[in-house]
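Encoded as structure tokens, the structure appears first; notes follow it.
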Amino acid sequence: EAQVTQNPRYLITVTGKKLTVTCSQNMNHEYMSWYRQDPGLGLRQIYYSMNVEVTDKGDVPEGYKVSRKEKRNFPLILESPSPNQTSLYFCASSSGHIYEQYFGPGTRLTVT
Amino acid sequence: GQQVMQIPQYQHVQEGEDFTTYCNSSTTLSNIQWYKQRPGGHPVFLIQLVKSGEVKKQKRLTFQFGEAKKNSSLHITATQTTDVGTYFCAGRGGYQKVTFGTGTKLQVIP
């Protein structure tokens, strides 16, 4: 089954404790992206990747890091999480940046 | 940077009534996509529009892309309870970044 998976689905952590949210897709997609969703603000792009080892900033990259060492995986790293990063995070993939995106189930992160 | 606004933010309709959400970009778009997110779910792709003035239909849903490629709309005829959710437009400018609209949350009253 074609899908995008994210782990963990829920995470409560404390300020400053480094964390990684994993994202994996089994569709051999080149384009992958991370979004955060906050009430009233819609989905805002954090980082995207056009292919392995090619990443670029989205609209809200501050406080986040990504890597794309393998085509199927695109982890999101928060080196020092802060409460303003409490949000619902979605990973998405597509066969190219002009095509439809397939979203993962989401990761709800709370930083206290 | 590119901004994409959607109106209204919320809409409550009686089942059977029509519904429209509008999407407006600050810049010309290469294409626009529409997604639906059910409560507690993730966004799911509905359609993509590419050409100026393009109109596409999916059963009770009609999608339009403006002549200037800066605005778009989604119209649902005779809403049903299954239409409940948040509808997002997503526009791509000249680069690889995709900008999502703020979304319209639709509630259908039976």
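Letters A, B, ... mirror the listed sequences (proteins, then strands); counts begin at 1. Bear in mind the structure is a predicted one, so any value in this text is a computation, not a measurement.
Within a 6.0 Å radius of CZ in B:Arg60, other residues, nucleotides and ligands contribute more than 12 heavy atoms. The neighbour count for B:Gln3 CD, taken as heavy atoms of other residues, nucleotides or ligands under 6.0 Å away, does not exceed 12. Around the NZ atom of B:Lys105, the shell of radius 6.0 Å holds no more than 12 heavy atoms that belong to other residues, nucleotides or ligands.
Minimum heavy-atom separation, A:Phe90 to B:Gly41: CZ-O, 3.8 Å.
Note that the OG1 atom of B:Thr102 and the CZ atom of A:Arg44 stand 11.5 Å from one another [nearest 0.5 Å]. Distance check: B:Gln48 CD to A:Tyr99 OH gives 8.5 Å after rounding to the nearest 0.5 Å. Taking NE2 of B:His42 as the start and SG of A:Cys91 as the end, the distance is 11.5 Å to the nearest 0.5 Å.
Checked by atom type and distance alone, the side chain of B:Tyr35 pairs as donor or acceptor with a backbone atom of A:Gln101 at under 3.5 Å. A donor-acceptor pair is defined here as one N or O able to donate and one able to accept, closer than 3.5 Å; no such pair exists between the side chain of A:Glu100 and the backbone of B:Val44.
Proximity to chain B is absent for every atom of A:Tyr102, based on heavy atoms less than 4.5 angstrom apart. In this structure, chain A has a heavy atom under 4.5 Å from the side chain of B:Gln37, while its backbone stays farther away. The contact between A:Leu43 and chain B is made by backbone and side chain atoms together, counting heavy-atom distances below 4.5 Å.
By the ring-ring contact (aromatic ring centres under 6.0 Å, His included) test, B:Phe88 pairs with no residue at all, sequence neighbours left out.
Under a hydrophobic clustering in which Ile, Leu, Val, Met, Phe, Trp and Tyr are joined whenever their side-chain heavy atoms come within less than 4.5 Å, directly or via other members, A:Leu78 and A:Val60 fall into the same cluster. At a threshold of 4.5 Å between side-chain heavy atoms, the hydrophobic network of Ile, Leu, Val, Met, Phe, Trp and Tyr places B:Ile32 and B:Tyr22 in two separate groups. A:Phe103 is not connected to A:Val4 by any chain of hydrophobic side-chain contacts under 4.5 Å among Ile, Leu, Val, Met, Phe, Trp and Tyr, and they are in different clusters.
Between A:Asp59 and B:Phe100 the shortest side-chain heavy-atom distance does not fall below 4.5 Å.
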